[in-house]
Enquirer: 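There's a structure below that I have some questions on.
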Number of protein chains: 2
Amino acid sequence: MNEQEQSTEEKILEAASEVFTEKGFAGTRTRDIAEKAGINLALLNYYFRSKEKLFEQVMKIKVVLLFGKIFPILSNEKTSLEEKIDLASEKYFEILSKNPNLPLFVISEIQKKNSNISKIIPINKIFENSIIIKQIKEKRPEINPLHYSVNFLAMTIFPFVAKPVFNAFELTNEEEYHQFISERRKLVPIWIKQLLEIKTENL
Amino acid sequence: MNEQEQSTEEKILEAASEVFTEKGFAGTRTRDIAEKAGINLALLNYYFRSKEKLFEQVMKIKVVLLFGKIFPILSNEKTSLEEKIDLASEKYFEILSKNPNLPLFVISEIQKKNSNISKIIPINKIFENSIIIKQIKEKRPEINPLHYSVNFLAMTIFPFVAKPVFNAFELTNEEEYHQFISERRKLVPIWIKQLLEIKTENL
DNA sequence: GTCTATAGGCCGATAGAC
DNA sequence: GTCTATCGGCCTATAGAC
């Protein structure tokens with residue numbers, strides 16, 4: 001499924017995905033994408049019109065990858081809150097282990113380009129109407145459910161976002177980092193469920 | 001302390017700080033820095049030699065701002081673990097409220113430039129030898145203390161890192177976001193202390 | 001120290017042959 | 001569809017006047 005089986009368009013898209021993710025939109029040269037895809041620079045513009053439009057397609061794919069698989073889990077009417085936490089955690093560690101710098105790419109490029117990405121996926125609507133939010137509200141009506149969602153995302157995603165810092169300051173080597181992540185895969189759902197048990201009356 | 005009281009060098013540095021933070025190294029044009037500083041483009045090179053060297057100075061300041069104030073708290077021999085959590089949390093929310101996109105800038109630029117930034121501050125040495133690590137190890141010897149440090153940083157920093165996502169997907173408006181942050185200022189230390197109480201035997 | 005003017009190189013995009 | 005060659009603009013950096 002690698003070599004010749006990919007169409008030219010797919011080869012460009014894959015190369016673009018890698019280079020954009022590594023260097024960001026502004027730091028990427030279309031020449032580098034063309035070289036990595038093994039095609040000519042002119043072909044890139046033939047297929048995608050411009051660097052900007054190529055980037056938009058990559059970003060769309062990345063946003064769907066980052067959020068798409070999670071929402072079905074959070075919106076399942078048949079699973080309990082605790083089961084959702086376990087399943088979402090498992091799925092996220094799986095996605096992020098394969099795509100470690102996916103979240104940093106999406107976040108930092110959204111920050112730089114304040115694009116109208118909310119038209120790709122209406123995250124807020126899906127989120128606000130999801131079953132899990134109802135379940136959290138039932139369990140902890142005194143606290144904005146967004147806190148628990150952010151806690152979950154923070155504990156799961158942050159170690160991947162901060163990986164460049166781990167490397168730069170040599171906090172872990174590559175092996176220790178993977179060990180660390182695989183420990184968190186088990187710990188995070190335990191911690192999240194525990195946080196939901198704490199009553200905090202006096203805000 | 002604004003207008004004429006700043007030296008030209010300071011004006012350039014402050015303008016550079018703002019533009020680099022907003023657009024990243026690659027997305028920044030030295031012309032924009034010069035314009036924002038109210039000086040001529042040539043002056044920028046007169047004072048700082050190159051865009052690269054100016055960036056390095058800005059980055060050094062940012063890294064110190066992000067970590068410098070925290071380490072003394074974590075290394076204090078006279079405070080308890082719980083007191084350190086309260087003080088570090090307070091200090092971080094203070095720093096990040098004033099510099100909301102500081103962490104995203106530092107992380108994403110470190111990722112792009114894999115610079116030898118560890119020479120600015122030897123974070124790993126300071127971290128490993130800090131008093132708080134000893135205190136965490138005493139309390140939870142079965143778990144790598146890095147997990148609790150990452151939990152703290154994640155729960156504190158992540159909402160600031162992810163702010164562009166909050167905005168892009170309209171999860172909160174500006175007022176709701178500030179309300180959300182001020183709630184976390186109280187909740188995060190409570191949660192962190194609670195996480196330290198959980199025994200997790202079976203890893 | 002501060003300015004204007006410009007050199008010099010890089011990069012995105014396209015024209016045009018095959 | 002795919003290539004080579006090149007245009008035109010932008011951006012960093014510097015030369016040189018004041």
Side-chain angles (χ1 to χ4, degrees), chain A residues 1-62 105 108-109 111-115, chain B residues 1-62 105 108-109 111-115:
Chain A
M1 152 102 179
N2 261 351
E3 297 298 313
Q4 302 296 349
E5 303 178 34
Q6 276 183 315
S7 70
T8 301
E9 193 171 340
E10 284 168 339
K11 279 192 285 187
I12 297 172
L13 207 53
E14 189 177 313
S17 179
E18 290 174 28
V19 182
F20 278 138
T21 302
E22 192 184 338
K23 306 193 170 181
F25 177 79
T28 292
R29 305 182 313 150
T30 51
R31 282 168 162 79
D32 288 342
I33 296 174
E35 193 186 351
K36 187 156 228 164
I39 53 102
N40 190 275
L41 173 57
L43 261 188
L44 188 150
N45 288 291
Y46 173 79
Y47 277 102
F48 294 93
R49 299 277 303 161
S50 72
K51 179 186 179 184
E52 188 79 36
K53 290 201 192 311
L54 175 54
F55 177 81
E56 282 169 19
Q57 293 214 23
V58 170
M59 180 55 104
K60 194 177 294 190
I61 292 169
K62 296 293 181 182
F105 168 73
S108 69
E109 292 302 317
Q111 185 252 330
K112 266 153 209 152
K113 302 186 71 103
N114 60 322
S115 62
Chain B
M1 152 99 181
N2 262 351
E3 297 297 316
Q4 302 295 349
E5 304 179 33
Q6 275 183 316
S7 70
T8 301
E9 194 171 339
E10 285 169 338
K11 278 192 285 186
I12 296 172
L13 207 52
E14 188 177 313
S17 179
E18 288 174 30
V19 183
F20 278 139
T21 302
E22 192 185 337
K23 305 193 171 181
F25 176 79
T28 292
R29 305 182 313 150
T30 50
R31 281 168 160 78
D32 289 342
I33 296 174
E35 192 186 350
K36 188 156 228 163
I39 53 102
N40 190 274
L41 174 56
L43 262 187
L44 188 151
N45 288 291
Y46 173 80
Y47 277 103
F48 294 93
R49 300 277 304 160
S50 72
K51 179 186 178 185
E52 187 78 36
K53 291 202 194 306
L54 175 55
F55 178 81
E56 283 170 18
Q57 293 215 23
V58 170
M59 180 54 104
K60 195 177 292 190
I61 292 169
K62 295 294 181 183
F105 168 73
S108 71
E109 292 302 316
Q111 185 251 329
K112 266 153 209 151
K113 303 186 70 103
N114 60 324
S115 63

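Values in this document were obtained by computation on a predicted structure and should not be read as measured data. Throughout, protein chains are lettered first and strands after them, A, B, ... in sequence-line order, and every chain is numbered starting at 1.
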Enquirer: Without decimals, in angstroms, what is the distance between B:L43 CG and C:dG1 P?
Expert: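 It works out to 10 Å between those atoms.
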
Enquirer: Indicate yes or no for a side-chain donor-acceptor contact from A:Q57 to the backbone of A:L54 under 3.5 Å, with no hydrogens or angles considered.
Expert: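 Answer holds: no.
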
Enquirer: Quick one: is C:dG1 close enough that its OP1 or OP2 comes under 4.0 Å of any side-chain N or O from B:T8?
Expert: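 So the side-chain polar atoms of B:T8 never come under 4.0 Å of the phosphate oxygens OP1 or OP2 of C:dG1.
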
Enquirer: To the nearest angstrom, how far is A:N40 atom CG from C:dA15 atom P?
Expert: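 Computing the A:N40:CG to C:dA15:P distance gives 15 Å.
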
Enquirer: Please state whether the phosphate of C:dG12, meaning OP1 or OP2, lies under 4.0 angstrom from any side-chain nitrogen or oxygen of A:T30.
Expert: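 Yes.
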
Enquirer: Round to a whole Å and report the spacing from OH of B:Y46 to P of C:dG1.
Expert: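 Distance, rounded to whole Å: 5 Å.
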
Enquirer: Starting from P on D:dC10, measure out to CZ on B:R29 and report it in whole angstrom.
Expert: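 Taking CZ of B:R29 and P of D:dC10, I get 9 Å after rounding.
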
Enquirer: Should the heavy atoms of other residues, nucleotides or ligands under 6.0 Å from CD of A:E10 be counted, would the total exceed 12?
Expert: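 Check passes, neighbour count above 12.
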
Enquirer: Rounded to whole angstroms, how far apart are CG on A:L41 and C1' on C:dC10?
Expert: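 So the two atoms are 13 Å apart, to the nearest Å.
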
Enquirer: Decide if the gap between the ring center of A:F20 and the ring center of A:F105 is smaller than 6.0 angstrom.
Expert: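 For A:F20 and A:F105, the ring centres are not under 6.0 Å apart.
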
Enquirer: How many Å lie between NZ on A:K51 and P on D:dG9, as a whole number?
Expert: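 In whole Å, D:dG9 P and A:K51 NZ are 19 Å from each other.
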
Enquirer: What's the CG-C1' distance between A:N45 and D:dT6, to the nearest Å?
Expert: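 Rounded to the whole Å, the gap is 14 Å.
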
Enquirer: Excluding sequence neighbours, so at least two apart, what forms side-chain hydrogen bond (donor to acceptor under 3.5 Å, both in side chains) with A:R49?
Expert: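 Applying side-chain hydrogen bond (donor to acceptor under 3.5 Å, both in side chains) to A:R49 gives none.
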
Enquirer: Taking atom C1' of D:dT2 as reference, at what distance in whole Å does atom CD of A:E35 sit?
Expert: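 It is 17 Å, rounded to the nearest whole Å.
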
Enquirer: Which nucleotide in the list C:dA15, C:dA13, D:dA13 gets nearest to the side chain of A:A42?
Expert: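 Given the options C:dA15, C:dA13, D:dA13, the side chain of A:A42 is closest to C:dA15.
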
